[in-house]
Amino acid sequence: MFTNAGTSSFTAFLSKVAPEMLPGRRPLPPGMAADMAPHATTIVAISASGGVVMAGDRRATMGNLIAQRDIEKVHPADAYSLVGIAGTAGIGIELMRLFQVELEHYEKIEGAMLSLDGKANRLASMIRGNLGAAMQGLAVIPLFAGFDLAAADPARAGRIFSFDVTGGPYEETGYDAIGSGSLFAKSALKKRFRAGLSVDDAVRLAVEALYDAADDDTATGGPDLTRRIYPVVMTATAEGTHRLTDAETATIAESVVSGRMENPGG
């Protein structure tokens, strides 16, 4: 079985060979388990001229406690796409890694990369497989974005997809956010977003939106200047995916904090 996969879907292959390794196939005890595991919080994505930007805060919570201050929730899905997770952190990280293998497996078997829509549909089916655990409080909701190599206009190639807990995929226009601070992040983006933003402007806007989310949502972590913990910010353009260095993110985050200190209520 392992030397002759027979399918371009690694998830389908795993469901035949070792179904117990899939996140949604594991037996769970009865009852709700939402407070038993750390939860990842806020992710934002913004389409820009020539690409897309995704950023996530670094806090994970367990009930009213901070479970981790420097968790990383935004990662490259493949060479031209990004995925961020909100919800049960452990399952989310596992789902994200499985999605990365799914895309790599398809490319090796088929000799071609999945389309951006195809990637979103594959991720939707994986979320659907976790529905049983989600009904017991162990839900994971990802945000997916990428540069569409098949786009007619490269300036509008940055696309964003959101999902519901049942795996329904929805393409978003301009921007989106997920997680407990998403209400506040999207409110900030609604006022500041403009079509045709440069990637650099979208990066700053994403950091500002996360700052606004952290200002009103206790589960979202703002820039931690004392510990030098800043949001994870990534871009996907025609050149591929890129993660801003800690120094680059620190410069932007410290500029945002400095500006807010002059007008704390704004």
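What you see below is based on every heavy atom in this structure, not just the backbone, and it leaves out hydrogens, waters and symmetry mates.
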> Is there a side-chain contact (heavy atoms from CB on, under 4.5 Å) between M54 and L143 once you walk through the steps?
Replying inline: CA-CA 9 Å; M54 185 178 289; L143 190 60; 4.2 Å; yes
Taking the side chain as every heavy atom from C-beta outward, state whether [X] and [Y] have any pair of such atoms under 4.5 Å apart.
X    : Y    : value
L197 : S49  : no
V53  : M234 : no
D224 : R227 : yes
T42  : F184 : no
T166 : L131 : yes

Taking all atoms of both residues into account, what is the closest heavy-atom pair of [X] and [Y], and its distance?
X    : Y    : value
P142 : V83  : CB-CG2, 4.1 Å
A177 : V44  : CB-CG1, 3.8 Å
Y175 : I160 : CA-CD1, 3.9 Å
T249 : P231 : CG2-O, 3.2 Å
G167 : A124 : O-CB, 2.9 Å
R122 : F99  : CB-CE1, 4.4 Å

I'd like to know if the side chain of [X] and the backbone of [Y] have a donor-acceptor N/O pair within less than 3.5 Å.
X    : Y    : value
H75  : E72  : yes
E107 : E104 : no
D164 : G168 : yes
T88  : G90  : no
T220 : A214 : no
N121 : D117 : yes
R192 : S187 : no
S47  : G174 : yes
D70  : R58  : no

> Passes side-chain contact (heavy atoms from CB on, under 4.5 Å), V165 versus I141? Steps please.
Replying inline: CA-CA 6 Å; V165 73; I141 302 295; 4.0 Å; yes
> Is atom CG of D246 surrounded by more than 12 heavy atoms (other residues, nucleotides or ligands) closer than 6.0 Å?
Replying inline: no
Measure the [atom1]-[atom2] distance between [X] and [Y] for me, rounded to the nearest 0.5 Å.
X    : Y    : atom1 : atom2 : value
I71  : I93  : CD1   : CD1   : 4.5 Å
L138 : N130 : CG    : CG    : 7.5 Å
M126 : M96  : CE    : CE    : 10.5 Å
D176 : I43  : CG    : CD1   : 11.5 Å
I229 : R69  : CD1   : CZ    : 7.5 Å
L123 : F163 : CG    : CZ    : 4.0 Å

Are side-chain N/O atoms of [X] and [Y] paired as donor and acceptor at under 3.5 Å?
X    : Y    : value
S198 : D200 : no
S255 : R204 : yes
T41  : K73  : yes
Y80  : D148 : no
S81  : D78  : yes

>> Working note: I85 + L95, criterion side-chain contact (heavy atoms from CB on, under 4.5 Å); need CA distance, chi angles, decisive distance, verdict.
In response: CA-CA 9 Å; I85 56 165; L95 188 73; over 6 Å; no
Using the rule that two of Ile, Leu, Val, Met, Phe, Trp, Tyr join whenever any of their side-chain heavy atoms come within less than 4.5 Å, decide whether [X] and [Y] are in one cluster.
X    : Y    : answer
M113 : Y106 : no
L244 : F147 : no
L114 : V101 : yes
V233 : L225 : yes
V199 : I46  : no

>> If the condition is side chain to side chain contact (heavy atoms under 4.5 Å, CB included), which residues does E171 pass it with, not counting sequence neighbours?
In response: R159, F161
> Any Lys/Arg nitrogen of R228 or E254 sitting under 4.0 Å from an Asp/Glu carboxylate oxygen of the other?
Replying inline: yes
>> Between R260 and D212, does any NZ, NE, NH1 or NH2 come within less than 4.0 Å of an OD or OE carboxylate oxygen?
In response: yes
>> Under the rule for salt bridge (charged side-chain N to carboxylate O under 4.0 Å, His left out), what residues qualify as partners of D217, not counting sequence neighbours?
In response: none
> Would I127 and V140 count as a side-chain contact (heavy atoms from CB on, under 4.5 Å) if you check the C-alpha gap in whole Å, the side-chain angles of each, and the deciding distance to 0.1 Å?
Replying inline: CA-CA 7 Å; I127 299 166; V140 175; over 6 Å; no
